[in-house]
Amino acid sequence: GGARRALRRLGEARAEMFLNRELLVQSAVYEALFQVRFGEDNRAEVREGAILARLATRSNEAPHIRLALAASALRQGELGTASASLAAAKNGGASGTLVQLVQGELALAQDQFADASTAFEAAGDARGQWGQARSLLQDPESDPAAVSAAVNATLEMSPNHAGALVAKAK
């Protein structure tokens, strides 16, 4: 769907701007988050590895490389490393939607549902809204009305969102 199209567009941009390190970092983060959200994908894993290897050949001298390393560690289930790398990224000035999405996914992986919801809310987009809904869906103590409201809010932002449509149908 839309996530795969976005990854293809990032690939096309990388082909045009081969040495743009900021684009490489963002691409690595998106490739890792794709796998965190949708499960392991051999092609995405290979792309992520190639991007990180390209950055490593440049001594990992790239804006916010720690964010890419945090997302990669998260994908690999290395939550302590992910947390430390995310903290280093934030201390290095990384901010914005991608930081919030990585932070939310990390909190969700640690079953810290309230922290995940807060991070996803700060992302301020449809991905963050669905993250909030997922936080509530996974939290066994969530109020069903809050879950329903979060799913509906996701559908308002993205009417064809597959996950939200499935959650609403349940």
Side-chain angles (χ1 to χ4, degrees), residues 1-4 6-7 25-49 51-52 64-170:
R4 288 189 193 276
L7 290 175
V25 166
Q26 290 178 5
S27 294
V29 172
Y30 279 117
E31 293 289 355
L33 285 177
F34 176 83
Q35 293 175 85
V36 167
R37 287 275 315 279
F38 300 108
E40 293 295 317
D41 179 276
N42 288 336
R43 289 181 289 176
E45 188 173 347
V46 167
R47 283 189 304 268
E48 177 195 355
I51 293 165
L52 291 175
H64 309 307
I65 182 64
R66 296 282 178 234
L67 183 60
L69 298 175
S72 182
L74 173 61
R75 178 191 60 78
Q76 296 171 49
E78 298 171 4
L79 303 184
T81 300
S83 183
S85 293
L86 180 59
K90 290 167 81 174
N91 288 338
S95 63
T97 301
L98 276 182
V99 172
Q100 297 304 322
L101 292 173
V102 172
Q103 185 171 332
E105 292 293 348
L106 177 59
L108 202 53
Q110 297 169 324
D111 293 335
Q112 297 172 350
F113 304 113
D115 292 342
S117 185
T118 299
F120 286 130
E121 180 179 10
D125 65 4
R127 296 167 299 180
Q129 179 57 49
W130 177 236
Q132 284 183 278
R134 288 175 34 240
S135 299
L136 292 168
L137 284 163
Q138 291 180 27
D139 184 351
E141 298 179 14
S142 289
D143 173 27
V147 173
S148 180
V151 169
N152 287 334
T154 300
L155 289 170
E156 286 176 22
M157 296 177 104
S158 182
N160 296 319
H161 192 284
L165 289 169
V166 169
K168 186 171 178 97
K170 289 182 178 180

What donor-acceptor contacts under 3.5 angstrom involve side-chain atoms of residues 84-96, with partners at least two apart or in another chain?
unit_1	atom_1	unit_2	atom_2	d
S85	OG	T81	O	3.1
K90	NZ	Q103	OE1	2.7
N91	ND2	A87	O	3.3

If you look only at distance, which donor and acceptor atoms sit under 3.5 Å apart when one is on a side chain in residues 110-123 and the other is two or more places apart or in another chain?
unit_1	atom_1	unit_2	atom_2	d
T118	OG1	A114	O	3.0

Only pairs under 3.5 Å count here: list side-chain donor-acceptor contacts from residues 157-166, not counting sequence neighbours, and write none if there are none.
unit_1	atom_1	unit_2	atom_2	d
H161	ND1	G163	N	3.3
H161	ND1	A164	N	3.1

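The line from CD1 of I51 to CD of Q26 is 11.0 Å long, rounded to the nearest 0.5 Å. Atom CZ of R47 is separated from atom CZ of F34 by 7.5 Å, given to the nearest 0.5 angstrom. Atoms CG and CD, from L69 and E78 in turn, are 11.0 Å apart once rounded to the nearest 0.5 Å. To the nearest 0.5 Å, atoms OG1 (T154) and NZ (K168) are separated by 11.0 Å. Atom CG of L136 sits about 9.0 Å away from atom CG of D143, to the nearest 0.5 Å. S72 contributes atom OG, which lies 8.5 Å from atom CD of E45 (distance to the nearest 0.5 angstrom).
Side-chain atoms of N152 come within 3.5 Å of backbone N or O of S148 as a donor-acceptor pair. Side chain of Q129 to main chain of A150: a donor-acceptor pair is present (N/O by atom type, distance under 3.5 Å, no hydrogens or angles).
The nearest pair of heavy atoms linking A28 to A68 is CB-CB, 3.9 Å. Heavy atoms only, all atoms of each residue included: A71 and V29 are closest at CB-CA, 4.1 Å. Across V25 and H64, no two heavy atoms sit closer than the pair CG1-O, 3.4 Å.
Contact of the L106 side chain with the S83 side chain is registered, since non-hydrogen atoms from C-beta on lie closer than 4.5 Å. Counting heavy atoms from C-beta outward, L137 and W130 have side chains that approach closer than 4.5 Å.
Heavy-atom contacts from other residues, nucleotides or ligands closer than 6.0 Å to CG of N42 number 12 or fewer. The local environment of CD in E141 is sparse, with at most 12 non-hydrogen atoms from other residues, nucleotides or ligands closer than 6.0 Å.
At a threshold of 4.0 Å, the pair E105-R134 counts as salt-bridged, since one of the basic side-chain nitrogens sits closer than that to a carboxylate oxygen. For the pair E31 and R75, the salt-bridge criterion is not met [side-chain N within less than 4.0 Å of a carboxylate O].
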